[in-house]
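Here the structure is laid out as C-alpha cells; the discussion comes afterwards.
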Amino acid sequence: MPRVSSDRPSGHLRCIETSCAATYSLDDTRSECANCGNLLDVIYEHAADPEALKRLWRERKMSLDPRDLSGVWRFREIIPFLREQDQVVTLREGNTPIIESKHAAAYAGLDSIGFKHQGFNPTGSFKDNGMTAGVTKALNLGRKIVACVSTGNTSASLAAYASYGGLHAVIFIPAGQIAAGKLAQSLEYGAITIQVEANFDGTWKVVSQFVEQAGVYLMNSVNPYRIEGQKTIVVETMERLNWEPPDWIVLPGGNLGNSSAFGKGLREMLAMGLIKRMPRLAIIQAEGSAPLYHLLNKARAEGRAPLSYPAPIVADPRTLATAIKIGAPVSWRKALRELEATNGVCESVSEQEIADAKAVIGQAGIGCEPASAASLAGARKLVAAGIIKPSERVIGVLTGNMLKDPMYSLAYHEGTLSTHDADGDRRIVPRFPNRPVVVPPDPAAIMKALESVRQRG
Ligand SMILES: *Cc1c(COP(=O)(O)O)cnc(C)c1O
C-alpha cells in the first residue's frame, strides 16, 4: 500500500503574483510578499495515492484521536504544514452536514439544493475551519498574541481558539457594525475587544499597518494557514458526496478569503486525483457591497482582463448582512484566480432578496445568518438568468448560524427591518413574515388562535 505521510511538513509559502513567485519558509509569519506586497499561498508537493487517502480519511472516522475528531485535521494530508510533534488546537470544528431542502430548492427554481451548513461549527461559522489552522500555527511558532480585524465571526472564532490554546486574542471591530451574538461571543471567550469608530475597511487600514511590527500575529484571512483550514470545507463536501462534484458551489463573498480557499482546495483535489472534474464557483455579494461584481462587469464591458485593474473598492459599503459588508476585499486577486480556475461567476443580490431568502431557509427548518442567505438568493437569481440550469446539482454554503443575528430576524418578521442607504432608510417588506400572536390569558382566545393555525393546514 502506498505510504500516506502525515508527519512530514512539506512545502513553502509562495507569492501569488506569478511574475514574482518569491518563496518563504513555512516558519515565516508574514502575510504579504516582501518584494511586491501581494498575498501568499501555501504550496506543497502532494504525492499520494488518492484512493489510499480516501480510505485513510474514512477509517479515521472510527478513531478517537482529537485530530481525527476534527473535520479539518482528519484531512491533514491536504494541509501538511505541521511537524509531527506540533500540538493542534481543535474544538472539533468541521464535521458539518449537507442538508437537502425541497422547500428552498422550489424557491430557487431548482430540482434540488443541498446546504453545507458551516453554522454547525463550535462558534457558529466557517471561520472555525480556518482558525483551528491559524491558531495551531501561531502556537507552534511560539507566538503569544494573536489579533484580527473582523466583521464579527472572525473575532468570535479567534477569541475561542486563542483562549482554548492558551494565547491572548486582541480583536478590532468596527464600532456598532457587528451583530450582537458575535460581539457577545468575543467578550465571553475573553478576548481583548477594541471597537474602532470606523467601518471594517477603515479599521483594517489603521490596524493592519502596525500589528505585525508590534509582534502580534495577524489572523485575518490574509493569513495563509487560515485559508488552508478553510480548504477542508470543500474536501469534506466532496467526501460527503462520495467524491462526485456538484455542478455548482454557491457562497457569499466578503473579503473573499473563503472563495479563495474553496478554489485552492478544488484545484488541489483535482490535481491529486481526488475528484475528476471541477465544480463551478458562484460568489454572491450584497448589492451595496459588491466590489468584485462591479470589477468583473467593468472588465467585461471594456474587454479587458480583470487582473489588469487596480484593487476594486466600494468607498461606503452598505448591507445589513454585516459579515459581508466589506468594500475593499483583500483577497480579490486570489478570488479572481479561483473564478477563472473553476469557470465561476460572481453575482450580486439586493437586501430584499437576502432577507426573503433567509426567511425561506428558516421556514425550511434550517436557519442561517443574513450573509449566508446570499447563497440561496444568488442561486435563485442565477437560475432565473439561465446561468444555473434547474436540473444542475447545487451546493449552497450557509456560512453562519441563525442565532448570530437574532435582531435581524425579529425585525424582519415584525416588518421593521430597514436598510440604511446613502439616500435614506428603506423598509424591507417581508414576503414571508411570521409574527407572534398575542393573546390574553383566556382559554377562548387561545382556542381562537389555535383555530387560525388549523386553517393554515
Ligand atoms: C466571514 C463571513 C463571510 C464572508 O467570507 P469571506 O471569506 O470574507 O468572503 C460570509 N458569511 C459569514 C457568516 C462570514 O462570517
Side-chain angles (χ1 to χ4, degrees), residues 39 96 115-121 123-131 134 148-158 160 171 173-174 177-179 181-183 185-186 200-201 204 219-224 226-231 233-234 249-265 281-286 289-293 312 317 319-336 338-339 344 346 348-349 354 357-358 361 367-378 396-405 408:
L39 296 182
T96 62
F115 290 115
K116 176 69 171 162
H117 205 325
Q118 296 305 108
F120 281 60
N121 267 298
T123 80
S125 84
F126 75 80
K127 301 300 196 299
D128 294 343
N129 296 71
M131 213 51 85
C148 72
V149 179
S150 172
T151 57
N153 281 328
T154 300
S155 51
S157 185
L158 178 62
I171 65 164
I173 50 180
Q177 300 189 32
I178 76 168
K182 305 175 188 180
L183 177 58
Q185 284 180 294
S186 301
F200 174 87
D201 302 294
W204 173 252
M219 285 289 142
N220 274 79
S221 54
V222 292
N223 184 308
R226 249 194 65 190
I227 298 297
E228 291 305 294
Q230 286 170 216
K231 253 171 35 183
I233 300 168
V234 279
I249 299 177
V250 187
L251 79 166
N255 226 351
L256 302 172
N258 212 28
S259 309
S260 306
F262 278 34
K264 186 171 191 280
L281 282 184
I283 303 174
I284 315 299
Q285 299 204 292
S289 185
L292 185 73
Y293 173 77
T319 174
L320 298 175
T322 47
I324 51 174
K325 187 179 171 188
I326 291 176
V330 67
S331 292
W332 68 282
R333 296 185 63 136
K334 282 189 176 180
L336 282 176
E338 306 311 344
L339 281 180
C346 182
S348 80
V349 290
I354 290 173
K358 177 171 140 60
I361 293 165
C368 65
E369 71 164 275
S372 311
S375 294
L376 179 60
V397 183
L398 300 182
T399 42
N401 190 288
M402 187 250 145
L403 291 172
K404 291 279 189 177
D405 197 352
Y408 181 106

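When a ligand or atom number is given, it counts from 1 through the structure's own listing order.
- Remark: the backbone N or O of G367 is paired with a side-chain donor or acceptor of H117 at under 3.5 angstrom.
- Of the possible polar contacts, none joining the T151 side chain to the F200 backbone as a donor-acceptor pair under 3.5 Å is found.
- Residues I326 and D201 form a side-chain contact, since some pair of their non-hydrogen atoms from C-beta on lies under 4.5 Å apart.
- Side-chain atoms of T322 and Q177 form no donor-acceptor pair, as typed in the model, at a separation below 3.5 Å.
- For the atom pair CG of N258 and CD of E338, the computed distance is 11.5 Å after rounding to the nearest 0.5 Å.
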Can you give me a line-by-line list of nitrogen or oxygen pairs between ligand 1 and the protein shorter than 3.5 Å?
unit_1	atom_1	unit_2	atom_2	d
ligand 1	7 (O)	G257	N	3.2
ligand 1	7 (O)	N258	N	2.8
ligand 1	8 (O)	N255	N	2.8
ligand 1	9 (O)	G254	N	2.7
ligand 1	9 (O)	N255	N	3.3
ligand 1	9 (O)	L256	N	2.8
ligand 1	11 (N)	T399	OG1	2.8
ligand 1	15 (O)	K127	NZ	2.6
ligand 1	15 (O)	N153	ND2	2.7

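- Residue pairs meeting the side chain to side chain donor-acceptor pair (under 3.5 Å) criterion with at least one member in residues 396-405, sequence neighbours excluded: N153-K404, Q185-K404, S372-T399.
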